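None of the values given here were measured: they were computed from a predicted structure. Numbering of residues begins at 1 and proceeds along the displayed sequence.
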Amino acid sequence: MSTALALSDDQASAFDTVTEMLRGAGIDLDDALLTPPKSNATSVMAITGKAGSGKTLLLSELYKALEAAGVEIVSGDYESRRRKDRRTLAILAPTNKAASVLRFRGVPATTIHRILYTPVYDPEYERIAEWLAGNGDRPEVEGLTDQALDRAHAFYQTNKSIPGALAAAGLRGSDFITGWKRREEPLDIGFIDEASMLDDKQFEDLKEIFPTLLLFGDPAQLAPVNQSGAMVFDKLPERRVMNLGRIHRQAADNPILDLAHALADPQVDFYRFEKMVEEAATRDERVVWGQRVEVDLMARSPVLVWRNATRIRLINAFRAVYDAPDDRLIEGEPLICDGLELPLKHRKKRLDLEARGLIKGAQVVYLGEGRKPGFSRLHVIGAEDPQVSAASIVKIEKPDEEEPFIPYAARMGATFLHGSAVTIHKAQGSQWDTVQVFAPDLYAAARMNRTEAGQPLWKRLAYVAITRAQDRLIWVVRNRLSKPAGPLRVDDLRSVPAATLTLAAEEPDV
């Protein structure tokens with residue numbers, strides 16, 4: 001085995017084991033040779049390890065090796081016409097948040113649900129897609145200039161997104177996507193990141209699509225709800241699970257990761273751990289012992305909590321300090337997309353929304369009311385073209401009230417919850433530069449003595465929350481909110497005209 005990047009011993013061993021598994025699937029990485037698979041049986045392996053152990057690096061190196069061997073990467077936004085001799089790889093994550101973390105690192109990942117259905121392209125624009133994918137000559141398309149095609153080509157070279165490239169050429173999703181269809185044929189290889197988030201149903205669905213599956217997961221994270229603390233790779237035979245034990249990023253003296261891995265020590269209880277956080281804060285500015293929640297950060301980086309009641313109280317406190325009225329949102333309020341409320345006949349409209357980044361878990365900033373009743377102008381954090389106007393159903397939950405208040409509601413569209421605070425479970429797969437962890441909630445979990453998969457629940461919660469922080473961790477120890485330094489701002493967001501997503505042309509009141 002030889003890779004351009006020097007791997008650690010455990011990474012190299014895992015790489016070699018995966019290489020042998022792929023050889024059985026008809027893909028020889030050593031000789032860049034593709035042959036028909038030797039068996040139709042499903043082969044599943046897992047690579048596990050804690051934060052910093054190099055799982056993402058290994059996934060990236062395997063992806064590069066497969067692409068160099070001639071394996072076609074299926075992204076979920078466009079699929080070339082099937083060739084008999086082609087072999088395919090899809091890199092998936094359970095949520096859009098987790099997939100976007102991989103894409104940020106140069107790995108063309110998509111979500112699991114986007115691989116179950118494939119978009120149907122208008123034949124005229126499909127010629128552009130085939131050209132971009134390397135399967136056809138440069139087309140001539142009426143209404144598109146050479147400059148527009150050049151923009152599409154330049155975009156695709158960097159981002160490997162067909163819809164994004166067509167958008168760069170000046171097209172909208174409704175121009176080139178005519179509908180959805182259920183995946184008719186299976187693919188070859190699936191890499192699944194954040195596999196600790198998979199539930200049994202998703203796992204079974206994936207095994208139907210991919211005869212070769214490679215799972216990447218962190219056994220210290222939180223298991224899916226209603227799975228009794230078990231993760232899908234826990235059920236694999238021991239020889240099918242490779243654990244990466246070395247923590248690479250600790251060599252950079254990362255105090256946040258040091259704290260996360262200290263949680264594995266059974267002698268560390270909650271009181272000892274908080275003392276470790278406090279001591280780390282005196283030595284390194286990347287760890288902060290917070291006496292209050294910094295409200296200015298909540299607009300772009302939510303406070304992480306355990307209990308829903310805490311989340312709702314913090315959201316209402318956030319709105320109160322900014323004098324947000326009860327009956328409407330104000331510019332700059334953060335929202336989290338909670339899904340799409342659309343009937344099955346509007347699958348194409350669903351894809352339009354998802355192509356613009358409005359899928360479950362997307363972080364959004366509210367920019368104001370749209371031109372149509374029930375529409376909102378939004379900035380989708382991290383989207384390629386972030387400004388959008390969409391039919392919205394916004395829910396503001398209130399303490400001690402079962403039903404949320406709904407300041408804006410279309411009959412159908414994208415649904416949103418307030419995003420200034422989220423549960424740690426919902427935060428899995430996401431990362432922010434600065435993360436505020438609400439420690440009183442973890443103390444409550446510690447006092448309840450709850451366990452999950454043999455580990456104290458508070459430790460699992462703390463581990464997930466801490467590892468969401470890329471640069472700075474604020475450990476908030478008091479139930480207090482700071483005063484804002486100024487009003488909520490939106491001037492730092494890119495100011496471009498919002499593209500309106502008309503959800504149903506035959507129903508203008510949507």
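With respect to R313 and D400, no salt bridge is recorded, no charged nitrogen being found less than 4.0 Å from a carboxylate O. Look at R319 and E333 and you find a salt bridge, because one of the NZ, NE, NH1 or NH2 atoms lies within 4.0 Å of a carboxylate O, short of that distance. The pair D265-R272 fails the salt-bridge criterion, with no side-chain N (NZ, NE, NH1 or NH2) lying under 4.0 Å from an Asp/Glu carboxylate O. Ion pair E294/R292 flagged as a salt bridge, since at least one NZ, NE, NH1 or NH2 atom sits closer than 4.0 Å to an Asp/Glu carboxylate oxygen. The pair D218-K50 fails the salt-bridge criterion, with no side-chain N (NZ, NE, NH1 or NH2) lying under 4.0 Å from an Asp/Glu carboxylate O. Taking a cutoff of 4.0 Å between a charged side-chain nitrogen and a carboxylate oxygen, E403 and K398 do not qualify as a salt bridge. Checked for salt-bridge contact, E341 and K395 meet the test: a charged N lies under 4.0 Å from a carboxylate O. Ion pairing between K207 and E204 holds under the 4.0 Å rule for side-chain N and carboxylate O. At a threshold of 4.0 Å, the pair D193-K55 does not count as salt-bridged, since none of the basic side-chain nitrogens sits closer than that to a carboxylate oxygen.
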Using ring pair (Phe, Tyr, Trp, His ring centres under 6.0 Å), reason through H379 and Y366 one step at a time and then give a plain yes or no. CA-CA 7 Å; H379 181 99; Y366 177 77; over 10 Å; no
Can H418 and E397 be said to form a side chain to side chain contact (heavy atoms under 4.5 Å, CB included), step by step? CA-CA 8 Å; H418 207 275; E397 296 152 293; over 6 Å; no
Take E278 and W475, measure what side chain to side chain donor-acceptor pair (under 3.5 Å) needs, and give me the verdict at the end. CA-CA 9 Å; E278 190 172 14; W475 186 262; over 6 Å; no
Start with the C-alpha distance between D491 and R489, add both sets of side-chain angles, then the distance that settles salt bridge (Lys or Arg N to Asp or Glu O under 4.0 Å), and finish with yes or no. CA-CA 6 Å; D491 59 310; R489 53 182 302 211; 3.0 Å; yes
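For the atom pair CG (L89) and CG (L66), the distance works out to 5.5 Å, reported to the nearest 0.5 Å.
With D441 contributing its side chain and R307 its backbone, the two residues share a donor-acceptor pair below 3.5 Å. Side chain of D284 to main chain of V287: no donor-acceptor pair is present (N/O by atom type, distance under 3.5 Å, no hydrogens or angles). Listed for the S13 side chain is no donor-acceptor partner under 3.5 Å among the backbone atoms of D9. A distance-only check finds no donor-acceptor pair linking the side chain of E61 to the backbone of L58 [under 3.5 Å]. The main-chain N or O of Q291 is never found under 3.5 Å from a side-chain atom of R478 such that the two would form a donor-acceptor pair. The main-chain N or O of A421 is never found under 3.5 Å from a side-chain atom of R311 such that the two would form a donor-acceptor pair. At least one donor-acceptor pair closer than 3.5 Å links the side chain of S392 to the backbone N or O of A390. In this structure, S482 contributes its side chain and V293 its backbone to a donor-acceptor pair below 3.5 Å. Using modelled atom types, no side-chain atom of Q202 and backbone atom of P94 make a donor-acceptor pair closer than 3.5 Å. Under the 3.5 Å distance criterion, the side-chain polar atoms of D433 are left unmatched by any main-chain donor or acceptor of D471.
The side-chain heavy atoms of V365 and L335, taken from C-beta on, include no pair separated by under 4.5 Å. With a 4.5 Å cut-off on side-chain heavy atoms, F438 and T310 count as touching. At least one side-chain heavy atom of T423 sits less than 4.5 Å from a side-chain heavy atom of N308. Two residues are said to be in side-chain contact when any heavy atoms from C-beta on lie closer than 4.5 Å; Q387 and L367 meet this criterion. Looking at D205 and F210, their side chains never come closer than 4.5 Å, going by heavy atoms from C-beta outward. No side-chain heavy atom of V364 sits under 4.5 Å from any side-chain heavy atom of I381. Here the side chains of V437 and I474 are not in contact, with every heavy-atom distance at 4.5 Å or above.
Across A260 and I466, no two heavy atoms sit closer than the pair CB-CG2, 4.0 Å. Listed here is the closest heavy atom pair of G370 and S389: CA-OG, 4.3 Å. Considering every non-hydrogen atom in both S196 and Q221, the closest pair reads OG-OE1, 3.6 Å. Nearest heavy atom pair, residue I396 against residue L329, reads CD1-CD2, 3.9 Å. Across every non-hydrogen atom of L244 and A14, the tightest pair is CD2-CB, 4.3 Å. Residues L461 and A445 approach most closely at CD1-CB, 4.0 Å, considering heavy atoms.
With respect to W458, the ring-ring contact (aromatic ring centres under 6.0 Å, His included) criterion is satisfied by exactly one of Y271, F270, Y463: F270.
With 3.5 Å as the limit, one finds no donor-acceptor pair spanning the side chains of E279 and T282.
Between Y443 and W306, the distance separating the two ring centers is not shorter than 6.0 angstrom.
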